[in-house]
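Remarks on the structure that follows.
Please read all numbers here as calculations on a predicted model, not as lab measurements.
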Amino acid sequence: MIKLVAAAVWIAAATAGSVFYAFQQAGEVAAAAPAPEAGAFGGLDYVRLNVVSVPQLKNGEVEGYFLARLVFTAPAERLKQLVVPADAMLTDAVYTKLYADPSVDFSQVDTLDIDAFRAGLRDAVNAKIGEELITEVLIEQVDFLSKADIRRASFRGWDSAAAAAQTEPKKADGGH
């Protein structure tokens, strides 16, 4: 009986010692590991906006619609501290920039400076927050639809629906 108790105590001590040693080694490895840098991936969070649709006005009339899907990068720990959701703040900055800045004219592709547009959005959000929160603005998708493009697309859709209605076979009345 004494051998059985001694073996149980020895197994418990060996298990406790190996667990203690493993935790001690894991702590030293974690302390020696370098902290991740806020480079292209480490420490940054990506805020993806829904598609933003802003009418482009010129001389009091709608010239077309600017459609964009943007992604903003910012430090993850700072985004968690925001009281207002980041996507709402960023969407507001996009609308404000597009309405207030006459240099942004997506109908004139040859004069459009995308890098200045992205930097302007970043600076506008950072100015509104009061600190350098947004590190980069990425463009996932951008389109400009003129009024003529929208009309053509709507007529094509109407023409397709009318053509489909005309080609449907007509049912004979009265026969059971």
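When each of L90, I134, L70 is checked for a side chain to side chain contact (heavy atoms under 4.5 Å, CB included) with V47, only L90 meets the rule.
The two atoms that bring A93 and L121 nearest to each other are O-CD2, 3.7 Å, heavy atoms only. For the pair L133 and R78, the tightest heavy-atom approach, listed with the atom from each and the gap, is CD1-CB, 3.4 Å. The shortest heavy-atom contact between T135 and A74 is OG1-N, 4.1 Å. In terms of heavy-atom proximity, I139 sits nearest to V142 at CG2-CB, 4.0 Å. Between G64 and F144, the closest heavy-atom pair is CA-CZ, 3.7 Å. Among all heavy-atom pairs drawn from V71 and E140, the shortest one is CG2-OE1, 3.6 Å.
L67 contributes atom CG, which lies 5.0 Å from atom CG of L145 (distance to the nearest 0.5 angstrom). In this structure, OH on Y46 lies 12.0 Å from CG on L79, to the nearest 0.5 angstrom. For the atom pair CZ of R122 and CZ of R118, the computed distance is 9.0 Å after rounding to the nearest 0.5 Å. Note that the CG atom of D143 and the CZ atom of R69 stand 10.5 Å from one another [nearest 0.5 Å].
A search for side chain to side chain donor-acceptor pair (under 3.5 Å) contacts involving N126 returns E132, not counting sequence neighbours. T96 meets the side chain to side chain donor-acceptor pair (under 3.5 Å) test with no other residue; sequence neighbours excluded.
Taken together through direct or relayed side-chain contacts under 4.5 Å among Ile, Leu, Val, Met, Phe, Trp and Tyr, V84 and V52 form part of one hydrophobic cluster. I11 and V5 fall into different hydrophobic clusters, defined by Ile, Leu, Val, Met, Phe, Trp and Tyr side-chain heavy atoms under 4.5 Å apart, directly or through other members.
Side-chain contact between P75 and L44 is present, with heavy atoms from C-beta onward closer than 4.5 Å. Considering only heavy atoms from C-beta on, K147 stays 4.5 Å or farther from I150 through its side chain.
Within 6.0 Å of CD on E131 lie more than 12 heavy atoms contributed by other residues, nucleotides or ligands.
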